[in-house]
Amino acid sequence: MNESTTESQSVPCHYTNKVAEGNIKALASCSLVLLQALADLFFKSPLEKRKYLKEAIGCLASISEMVEVKRIFISSLAGELENQGENKKADEQEAQWCVIMEFASALGLGGSEDLVYMMSHLVGLKLSDGIMGLRRRFA
């Protein structure tokens with residue numbers, strides 16, 4: 001192993017915990033804007049791309065205010081339900097429901113008990129009312 005490879009793999013000695021904390025604070029200051037952008041991208045992305053977005057969404061959710069994370073989730077949910085339309089086939093509606101739950105689980109990776117409760121409540125609503133019942137509740 002040559003010396004340049006070793007240097008590029010190690011953390012620079014000037015990168016301290018204080019620097020890391022400062023970087024997290026800086027990222028947290030714009031995390032909601034980034035989280036909203038990733039949420040929009042998530043719903044437009046194919047399955048194979050979403051797995052990469054889920055990790056970033058979870059990390060951003062973990063450093064964001066949970067009230068704002070829930071707001072982003074609810075607005076994304078309402079937008080997706082509005083976009084679904086009454087004319088979609090049952091298979092398409094179920095596929096969209098899976099994307100919504102995948103997004104919810106991504107937020108839950110860095111989420112709070114409240115967010116986990118909200119997601120489980122939505123699953124209960126889905127099971128009892130189906131997608132049309134959710135649309136009536138959130139649209």
Side-chain angles (χ1 to χ4, degrees):
M1 185 184 264
N2 67 32
E3 191 174 314
S4 65
T5 305
T6 305
E7 286 178 21
S8 67
Q9 292 178 351
S10 65
V11 176
C13 60
H14 68 276
Y15 196 78
T16 63
N17 282 342
K18 186 175 181 176
V19 171
E21 287 172 9
N23 287 344
I24 290 174
K25 285 181 183 177
L27 185 58
S29 71
C30 61
S31 64
L32 295 175
V33 173
L34 291 171
L35 189 57
Q36 184 64 63
L38 288 178
D40 294 343
L41 185 60
F42 185 86
F43 287 104
K44 295 174 184 170
S45 296
L47 176 64
E48 59 275 359
K49 303 288 184 189
R50 287 195 305 262
K51 67 180 180 181
Y52 300 110
L53 294 171
K54 282 174 67 172
E55 192 170 335
I57 287 169
C59 290
L60 286 171
S62 73
I63 61 171
S64 301
E65 293 291 326
M66 275 303 116
V67 171
E68 294 300 319
V69 172
K70 287 191 277 188
R71 183 193 57 75
I72 288 172
F73 175 68
I74 290 171
S75 70
S76 296
L77 176 63
E80 287 305 303
L81 293 175
E82 186 177 297
N83 290 339
Q84 232 177 20
E86 307 265 342
N87 298 335
K88 283 200 173 181
K89 297 176 186 173
D91 289 348
E92 291 172 332
Q93 288 183 352
E94 289 303 315
Q96 190 60 29
W97 172 252
C98 290
V99 174
I100 290 168
M101 291 311 299
E102 190 177 3
F103 179 66
S105 73
L107 291 174
L109 295 175
S112 69
E113 267 184 44
D114 286 345
L115 198 54
V116 172
Y117 173 78
M118 183 190 303
M119 287 184 274
S120 63
H121 183 71
L122 286 172
V123 169
L125 289 174
K126 169 65 175 138
L127 293 174
S128 64
D129 290 344
I131 202 80
M132 298 311 287
L134 282 173
R135 182 178 291 127
R136 284 190 297 276
R137 285 196 168 108
F138 290 102

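Residue numbers run from 1 in the order of the sequence given.
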So, taking the atom named [atom1] in [X] and the one named [atom2] in [Y], what distance separates them when rounded to the nearest 0.5 Å?
| X | Y | atom1 | atom2 | result |
| --- | --- | --- | --- | --- |
| Leu34 | Cys59 | CG | SG | 12.0 Å |
| Ile57 | Ser62 | CD1 | OG | 12.5 Å |
| Trp97 | Glu102 | CH2 | CD | 13.0 Å |
| Ile100 | Ser76 | CD1 | OG | 9.5 Å |
| Glu65 | Leu32 | CD | CG | 8.0 Å |

- Task: Go through the steps for Arg50 and Val99 under the test side chain to side chain contact (heavy atoms under 4.5 Å, CB included), then give the verdict.
- Result: CA-CA 9 Å; Arg50 287 195 305 262; Val99 174; 3.8 Å; yes

- Query: Does any non-hydrogen side-chain atom of Phe42 lie less than 4.5 Å from one of Lys54?
  - Reply: yes

- Message: Measuring only between side-chain heavy atoms, which start at C-beta, is Leu77 closer than 4.5 Å to Phe103?
- Response: no

- For side chain to side chain contact (heavy atoms under 4.5 Å, CB included), just list the numbers for Leu35 and Phe73, CA-CA rounded to whole Å, side-chain angles, deciding distance to a tenth of an Å, and then say yes or no. CA-CA 10 Å; Leu35 189 57; Phe73 175 68; over 6 Å; no

What pair of heavy atoms forms the shortest contact from [X] to [Y], and how long is it?
| X | Y | answer |
| --- | --- | --- |
| Ala39 | Ile72 | CB-CG2, 4.3 Å |
| Ser29 | Ala26 | OG-O, 2.6 Å |
| Val69 | Ser64 | CG2-CB, 3.7 Å |

- Check the pair Gln36 / Asp40 against side-chain hydrogen bond (donor to acceptor under 3.5 Å, both in side chains), numbers first and verdict last. CA-CA 6 Å; Gln36 184 64 63; Asp40 294 343; 3.1 Å; yes

- Check the pair Glu68, Arg71 against salt bridge (Lys or Arg N to Asp or Glu O under 4.0 Å), reporting the backbone distance first and the verdict last. CA-CA 5 Å; Glu68 294 300 319; Arg71 183 193 57 75; 2.8 Å; yes

- Message: Applying side chain to side chain contact (heavy atoms under 4.5 Å, CB included) to Leu27 and Leu60, what does each step give before you reach the verdict?
- Response: CA-CA 8 Å; Leu27 185 58; Leu60 286 171; 4.2 Å; yes

